[in-house]
Number of protein chains: 2
Amino acid sequence: MTYYSTKLDSIFQALADPTRRAVLAQLSSGPASVTDLSQDFDMALPSFMGHLKKLEDGGLITSKKHGRVRICALRPAALAPVRGWLEQQNDRWQGRLEEYVTTLAKDEDYGT
Amino acid sequence: MTYYSTKLDSIFQALADPTRRAVLAQLSSGPASVTDLSQDFDMALPSFMGHLKKLEDGGLITSKKHGRVRICALRPAALAPVRGWLEQQNDRWQGRLEEYVTTLAKDEDYGT
DNA sequence: TGAATAGTAAGTCATATGCCTAAGTAATTT
DNA sequence: AAATTACTTAGGCATATGACTTACTATTCA
């Protein structure tokens, strides 16, 4: 399995949960501490920390300790592999559409 | 949890596996039977069928039985919710960037 | 210095996931 | 009609996931 594929695995896995997507939405307003981030979620802190770990392991966020406070931030371009994959998928689909359109045009040329 | 969020859960979950992404890539060339699709994968048929079910439950493909053969096809626009979410996320990030740039401009105005 | 705050580590539980094999059913071919 | 093909169902196994509670450590505040 290529690195790219493994990367996509962990990114999509990280995104496959509403809590984690909500965290990314919050972080798009700027860096925040774990405590700040956790305010909007009705779950135990260790559970919430687990989600942050998943996001960091997927490369979507970074975190750094400042004293007793851990600050999390979005990683710009973190979702680039997702965009890349969507584009790839779309190109293949578009390629097939163009082939189909070309075939239609030929059929029309030969048609009565 | 909104329908949209649940939808994203199952789509991202479906995409969080290299086998399922590879199936989507294959189907972007056009509809195919289960047997045709499974040729490229070194796994037991029931396991492979499980992946197809996940893709179908996520709304990314459709399948229809024709006699004893089941034909699978991509659903156009199936990935629209993913694009939508990325756009949303990007807009929030861009909005913050613009706010940041505006703040910088103000600082420069007031600066010596 | 003790109290409070902000995480962190460990263990548990129920459920989900990704694979397997075996056996079965339905449709087609011989 | 029997054999073959193309799935489909069921059960099992090991691992992962998402939540919990408890207890702990590190840092800051009073």
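First the proteins, then the strands, lettered A, B, ... as listed; each starts at 1. Since this is a predicted model, take the numbers as computed values, not measurements.
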Taking atom types as modelled, find out whether [X] and [Y] have a side-chain donor-acceptor pair closer than 3.5 angstrom.
X: B:D9; Y: B:T6; answer: no
X: B:R70; Y: B:S63; answer: yes
X: B:S5; Y: A:R21; answer: yes

[X] has a side chain; which of [options] sits nearest to it?
X: B:S33; options: C:dG7, C:dT17, D:dC7; value: D:dC7
X: A:T35; options: C:dA6, C:dC20, D:dT8; value: C:dA6
X: B:H51; options: C:dG18, C:dG7, D:dT21; value: C:dG18
X: A:R70; options: C:dT8, C:dG18, D:dT8; value: C:dT8
X: A:K54; options: D:dG18, D:dC7, D:dC20; value: D:dG18

Can you measure [X] atom [atom1] to [N] atom [atom2] for me and round it to whole angstrom units?
X: B:D42; N: C:dT21; atom1: CG; atom2: P; value: 11 Å
X: B:D57; N: C:dA16; atom1: CG; atom2: P; value: 13 Å
X: A:F48; N: C:dT8; atom1: CZ; atom2: C1'; value: 15 Å
X: B:M49; N: C:dC19; atom1: CE; atom2: P; value: 15 Å
X: B:F12; N: C:dT17; atom1: CZ; atom2: P; value: 16 Å

Discussion item. I need the B:L45 CG to B:S38 OG distance, nearest 0.5 Å.
Written reply: 5.5 Å

Worksheet item: What's the shortest heavy-atom distance between A:L55 and A:A14, and which atoms?
Response: CD2-CB, 4.2 Å

Worksheet item: Between A:L15 and B:W85, which heavy-atom pair has the shortest distance, and what is it?
Response: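 Nearest heavy atoms, A:L15 then B:W85: CD2-CH2, 3.5 Å.
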
Item to complete: Let me see the working for A:L74 and A:L60 under side chain to side chain contact (heavy atoms under 4.5 Å, CB included), right down to the final yes or no.
Response: CA-CA 6 Å; A:L74 277 184; A:L60 300 175; 5.8 Å; no

Item to complete: May I ask you to decide whether B:K54 forms a salt bridge with B:D17, counting only side-chain N to carboxylate O separations under 4.0 Å?
Response: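 Between B:D17 and B:K54 there is no salt bridge, as every charged N stays at least 4.0 Å from the carboxylate O atoms.
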
Item to complete: Using a heavy-atom cut-off of under 4.0 Å over every strand shown, decide if B:S47 touches base, sugar-phosphate, or nothing.
Response: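 Base, at least one base atom sits under 4.0 Å.
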
Response to the item:
For residues 42-72 of chain A, the ring-ring contact (aromatic ring centres under 6.0 Å, His included) pairs (sequence neighbours left out) are A:F41-A:F48

Worksheet entry | Presence of B:K65 side-chain N/O under 4.0 Å of D:dT8 phosphate oxygens OP1/OP2 | yes

Which protein N or O atoms sit under 3.5 Å from an N or O of nucleotides 23-25 of chain C?
none

Each nucleotide N or O in nucleotides 27-30 of chain D that has a protein N or O under 3.5 Å away: list the pair and distance.
| from | atom 1 | to | atom 2 | distance (Å) |
| --- | --- | --- | --- | --- |
| D:dT27 | O3' | A:R68 | N | 3.3 |
| D:dT27 | O2 | A:R68 | NH1 | 3.0 |
| D:dT28 | O4' | A:R68 | NH1 | 3.4 |

